[in-house]
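Structure first, commentary second.
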Amino acid sequence: MVFRLKTSKRTQDIFQELERRTNYKPYTLVKHAIAWSVKENTSVENFVSDSDGLDLNRQTITGDNEAYFKVLIEEVEGRYLPEEEYFPKYVKAHVDRGSKLLLDMYNHAGSVEKYILQVLGVGDTV
């Protein structure tokens, strides 16, 4: 069983930028990235990116919610994912795709407070 993955260099750069701007650490940002990617509801089967970025531990990414993440990703893919496909391939693809979406969402909101309101679906930032 694989317990680590390496993000793309672009994801690393995005997480570093967002950490400077928000004080959110990669273990928080990675969950937001996956959430935004899953929300797209399109497959990442053919998503390609480098592995020159952050080295992340599986526990850092999914925490105690491993089964929840797996079910969400399988739902988007429309099929059961064997362990060797789910992690790291599909999780990494969602992290890398989602990091770009996360940066766009944060830039659109303009501040941590407005981003949180956007996530919650309240206020005039939606």
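- The two residues Ala33 and Leu102 have their closest heavy-atom pair at N-CD2, 4.2 Å.
- The existence of a salt bridge linking Asp96 and Lys92 is confirmed by a sub-4.0 Å separation between a basic side-chain nitrogen and an acidic carboxylate oxygen.
- With respect to Asp55, the side chain to side chain donor-acceptor pair (under 3.5 Å) criterion is satisfied by exactly one of Arg4, Gln12, Lys6: Arg4.
- Between the CG atom of Leu18 and the CG atom of Asn23 there is a distance of 11.5 Å, given to the nearest 0.5 Å.
- Atom CG in Leu54 sits 9.5 Å away from atom CG in Leu5 (nearest 0.5 Å).
- Under a 3.5 Å cut-off, the side chain of Thr60 and the backbone N or O of Leu56 do not form any donor-acceptor pair.
- Under the 4.5 Å side-chain heavy-atom criterion for Ile, Leu, Val, Met, Phe, Trp and Tyr, Val112 and Leu120 are members of the same hydrophobic cluster.
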**OP:** Might you work through the salt bridge (Lys or Arg N to Asp or Glu O under 4.0 Å) test for Lys100 and Glu17, ending with a clear yes or no?
**Re:** CA-CA 12 Å; Lys100 296 172 192 170; Glu17 177 183 342; over 6 Å; no
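- One distance of note links CD1 of Ile61 with CD1 of Ile34; it measures 6.0 Å at 0.5 Å rounding.
- Counting only N and O atoms by type, the side chains of Ser49 and Lys9 include no donor and acceptor under 3.5 Å apart.
- Side-chain polar atoms of Thr11 and Arg97 form no donor-acceptor pair below 3.5 angstrom.
- In this structure, Glu84 CD and Lys89 NZ are separated by 11.0 Å, a value rounded to the nearest 0.5 Å.
- Among pairs with a residue in residues 20-45, those fulfilling ring-ring contact (aromatic ring centres under 6.0 Å, His included) read His32-Tyr115, at least two apart in sequence or across chains.
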Show me the donor-acceptor pairs, under 3.5 Å and distance only, between side chains in residues 71-81 and residues at least two apart or in other chains.
from: Glu74; atom 1: OE2; to: Lys70; atom 2: NZ; distance (Å): 2.7
from: Glu74; atom 1: OE2; to: Leu81; atom 2: N; distance (Å): 2.9
from: Glu77; atom 1: OE1; to: Ser43; atom 2: OG; distance (Å): 2.5
from: Glu77; atom 1: OE2; to: Ser43; atom 2: OG; distance (Å): 3.4
from: Glu77; atom 1: OE2; to: Val44; atom 2: N; distance (Å): 3.0
from: Arg79; atom 1: NH2; to: Glu85; atom 2: OE1; distance (Å): 2.6
from: Arg79; atom 1: NH2; to: Tyr90; atom 2: OH; distance (Å): 3.1

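- Cation-pi geometry between Arg58 and Phe87 is met: the NZ or CZ atom falls under 6.0 Å from the ring centre, inside 45° of the normal.
- Atoms CG and OG, on Leu101 and Ser37 in that order, are 6.5 Å from each other to the nearest 0.5 Å.
- Note on residues 26-42: no pairs pass salt bridge (charged side-chain N to carboxylate O under 4.0 Å, His left out), not counting sequence neighbours.
- Annotation: side chain of Asp64 is in contact with side chain of Gln59 (closest heavy-atom distance under 4.5 Å).
- The structure places OG of Ser99 at 12.5 Å from NE2 of His94, a figure rounded to the nearest 0.5 Å.
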